[in-house]
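Worksheet: one structure, shown below.
Everything quoted here is computed from the prediction, not taken from an experiment.
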Amino acid sequence: MPDSGYPWPISTTRLDNGLRVVVSEDRTAPAVAVNLWYDVGSRHEPAGQTGFAHLFEHLMFEGSVNVAKTEHMKLVQGAGGSLNATTNPDRTNYFETVPAEHLELALWLEADRMGGLVPALTQETLDNQRDVVKNERRQRYENVPYGDAWLRLLPLLYPPGHPYHHATIGSMADLNAADLATFQAFHQTYYAPNNAVLTVVGDTTVDEVVTLAEKYFGAIEPRAEIPPAPDGRSVPATGVPAVETVVTDVPAPRVYVAHRTYPFGTPGYDVVTVLATVLGSGRGSRLYQRLADGERIAQPDLVGAYGVDLAHAPAPLIATATARPGVSGERLAEGLAEVVDELATVPVTPSELDRAKALLTTAWWRQMSTVDGRADALGRYATQFGDPATVAERLPAWQAVTAEQIAEVAAEVLGADDRVTLTYRPEEKL
């Protein structure tokens with residue numbers, strides 16, 4: 001297995017309008033992945049404009065100056081490609097994987113919606129996509145058992161005014177209140193070449209990609225002043241645990257225990273990543289061994305832990321478990337907290353550490369095995385850390401984590417005095 005976390009060539013070029021173009025050539029298969037990261041997510045949204053970045057994830061597929069409504073998707077899929085987009089607090093990204101001969105089509109489509117969405121955006125399209133987002137909120141958050149857990153955890157973890165206080169789905173009131181001009185202004189502010197990274201990985205050359213990028217993106221004007229996101233790096237510790245209990249229509253008690261840790265990409269968060277794997281990944285994890293297999297208070301398939309890879313504030317570590325029949329939420333919360341607390345006092349064994357690193361290594365190379373996985377990773381590191389080549393540092397950083405570091409980090413950031421506990425309890429049946 002390669003020692004480096006990214007053994008392929010990487011080239012970075014900046015166009016005159018500020019667009020960064022990252023290329024990683026790989027002639028293994030005749031396909032290319034195109035990934036466009038915009039440095040705009042829910043953390044950038046001003047008061048009264050929550051949910052805007054996510055709504056534009058939808059609007060960017062609804063037509064631009066030279067591309068009709070829904071035509072972007074039809075053209076890519078008609079060429080044998082696949083495509084999608086995602087939004088999180090830190091960024092929005094749009095991506096396609098196409099046969100190599102259709103690279104030019106993919107770049108033309110992305111350039112047209114970067115520079116030509118606003119003139120094509122109509123009130124009808126805006127209203128239609130607002131309704132789509134409302135339905136998404138109902139389907140993903142409101143009408144699903146435990147579906148609103150993320151919406152509840154964020155305000156408990158981050159105070160009002162913090163850029164991570166609200167989820168990307170945003171406020172329906174904000175989306176409904178904004179007029180067409182406000183949405184147009186949001187796009188013109190953030191969806192600019194000097195606020196984006198274009199990454200292409202696969203069967204192409206640097207010269208081909210840069211030439212096509214100049215052809216299609218080069219004439220798009222940069223944004224003179226892009227407002228920075230609010231600074232969320234400091235979150236004052238309250239010293240008081242945050243506790244919320246939700247009594248609702250759920251099939252069994254479920255508990256989430258969450259802590260603020262370190263920003264993604266820092267040495268502290270590398271330790272947290274390994275710690276989370278020891279704590280809650282799979283049947284060999286501490287949570288499974290203790291709560292599902294040992295005390296048998298948690299359902300085996302509904303226990304785990306994970307970090308949320310947010311880069312611009314102390315990122316959360318979340319542990320969760322769902323109770324077996326007859327087990328109360330209080331008993332489950334107590335058991336969950338005990339296992340988390342023991343990370344600071346019960347040393348991680350060599351076998352636990354080896355297992356966690358093996359799982360992370362497998363997951364890393366699974367992502368790196370595809371051109372689209374690599375394109376997304378390079379876009380991320382270029383956008384968030386200024387250099388796509390730093391992607392190669394992540395896997396070695398995980399592999400270097402020690403049991404002593406895990407205990408130190410657990411003692412520092414997983415204390416009960418600054419813990420968030422969210423418990424769902426079923427309604428009592430009459």
Side-chain angles (χ1 to χ4, degrees), residues 37-62 64 85-94 113-114 117-142 147-192 194-196 223-236 242 244 260 308 310-316 383:
W37 268 59
Y38 288 97
D39 191 7
V40 57
S42 56
R43 76 186 184 98
H44 296 82
E45 295 165 346
Q49 295 185 15
T50 64
F52 276 36
H54 173 253
L55 181 62
F56 270 105
E57 178 194 321
H58 293 261
L59 290 172
M60 292 278 269
F61 288 98
E62 293 303 303
S64 47
T86 64
T87 309
N88 77 10
D90 289 344
R91 57 91 185 110
T92 309
N93 70 330
Y94 299 85
R113 64 181 175 184
M114 176 188 283
L117 182 136
V118 167
L121 183 59
T122 65
Q123 188 68 50
E124 179 184 3
T125 298
L126 175 60
D127 292 341
N128 175 267
Q129 291 308 303
R130 272 196 279 223
D131 288 340
V132 170
V133 171
K134 290 178 186 178
N135 285 331
E136 180 180 347
R137 185 183 177 98
R138 285 189 284 266
Q139 292 171 3
R140 290 182 56 191
Y141 298 98
E142 296 174 357
D148 61 352
W150 185 235
L151 305 185
R152 293 179 181 276
L153 284 169
L154 282 173
L156 294 171
L157 285 161
Y158 304 103
H162 189 278
Y164 290 162
H165 179 73
H166 68 276
T168 56
I169 195 72
S171 159
M172 293 303 101
D174 287 352
L175 292 175
N176 286 332
D179 59 15
L180 180 62
T182 304
F183 283 102
Q184 290 172 328
F186 187 87
H187 185 279
Q188 290 171 324
T189 298
Y190 292 106
Y191 293 79
N194 54 321
N195 200 44
R223 171 74 178 184
E225 295 184 8
I226 298 173
D231 186 359
R233 289 171 293 180
S234 177
V235 182
E244 181 176 339
R260 295 181 298 272
V308 183
L310 303 179
H312 301 284
T383 303

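The CZ atom of Phe183 sits 5.0 Å away from atom CG of Leu126, with the distance rounded to the nearest 0.5 Å. Taking CG from Leu121 and CG from Leu59, the interatomic distance works out to 5.5 Å, rounded to the nearest 0.5 Å. Here Thr182 contributes atom OG1 and Asp174 contributes atom CG; the two are 11.0 Å apart, rounded to the nearest 0.5 Å. Separation of atoms CD (Gln129) and CD (Glu124) is listed at 11.0 Å; rounding is to 0.5 Å. Taking NE2 from His165 and CD from Glu45, the interatomic distance works out to 13.0 Å, rounded to the nearest 0.5 Å. One finds the OG1 atom of Thr168 at 11.5 Å from the CG atom of Leu55 (value rounded to the nearest 0.5 Å).
Side-chain contact between Lys134 and Arg137: absent, with no pair of heavy atoms (C-beta onward) separated by less than 4.5 Å. Side-chain contact between His58 and Val133 is present, with heavy atoms from C-beta onward closer than 4.5 Å. In this structure, Arg260 and Tyr164 have side chains that are not in contact, with every pair of non-hydrogen atoms separated by 4.5 Å or more. Pro316 has its side chain within reach of Tyr158: a pair of non-hydrogen atoms, C-beta onward, lies under 4.5 Å apart. Considering only heavy atoms from C-beta on, Phe56 stays 4.5 Å or farther from Thr92 through its side chain.
No donor-acceptor pair under 3.5 Å is formed between the side chain of Tyr94 and the backbone N or O of Tyr38. Under the 3.5 Å distance criterion, the side-chain polar atoms of His54 are left unmatched by any main-chain donor or acceptor of Ile169. Formation of a donor-acceptor pair under 3.5 Å by the His166 side chain with backbone atoms of Ser42 is found in this model. Using modelled atom types, one side-chain atom of His44 and one backbone atom of Asp39 make a donor-acceptor pair closer than 3.5 Å. Side chain of Glu57 to main chain of Thr87: a donor-acceptor pair is present (N/O by atom type, distance under 3.5 Å, no hydrogens or angles). A donor-acceptor pair under 3.5 Å is absent between the side-chain atoms of Ser171 and the main chain of Thr50, judged by distance alone. Side chain of Asp90 to main chain of Leu310: no donor-acceptor pair is present (N/O by atom type, distance under 3.5 Å, no hydrogens or angles).
Nearest heavy atoms, Met114 versus Ala196: CE-CB, 3.9 Å. Considering every non-hydrogen atom in both Thr189 and Pro227, the closest pair reads CG2-CD, 3.3 Å. Here the closest non-hydrogen pair linking Pro163 and Pro230 is CG-O, 3.6 Å. A pairwise comparison of heavy atoms in His187 and Met60 identifies NE2-SD, 3.6 Å as the closest pair.
In this structure Thr86 satisfies the side chain to side chain donor-acceptor pair (under 3.5 Å) test together with Arg91, Asn93, sequence neighbours excluded.
Side chains of Asp127 and Gln123: a donor-acceptor N/O pair is present below 3.5 angstrom, by distance only.
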Go through the steps to decide whether Asn195 and Arg223 satisfy the test side-chain contact (heavy atoms from CB on, under 4.5 Å), and finish with yes or no.
CA-CA 8 Å; Asn195 200 44; Arg223 171 74 178 184; over 6 Å; no

Would Trp150 and Val308 count as a side-chain contact (heavy atoms from CB on, under 4.5 Å) here? Give the steps.
CA-CA 11 Å; Trp150 185 235; Val308 183; 4.0 Å; yes

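Here Phe186 and Tyr190 bring their ring centres to under 6.0 angstrom of each other.
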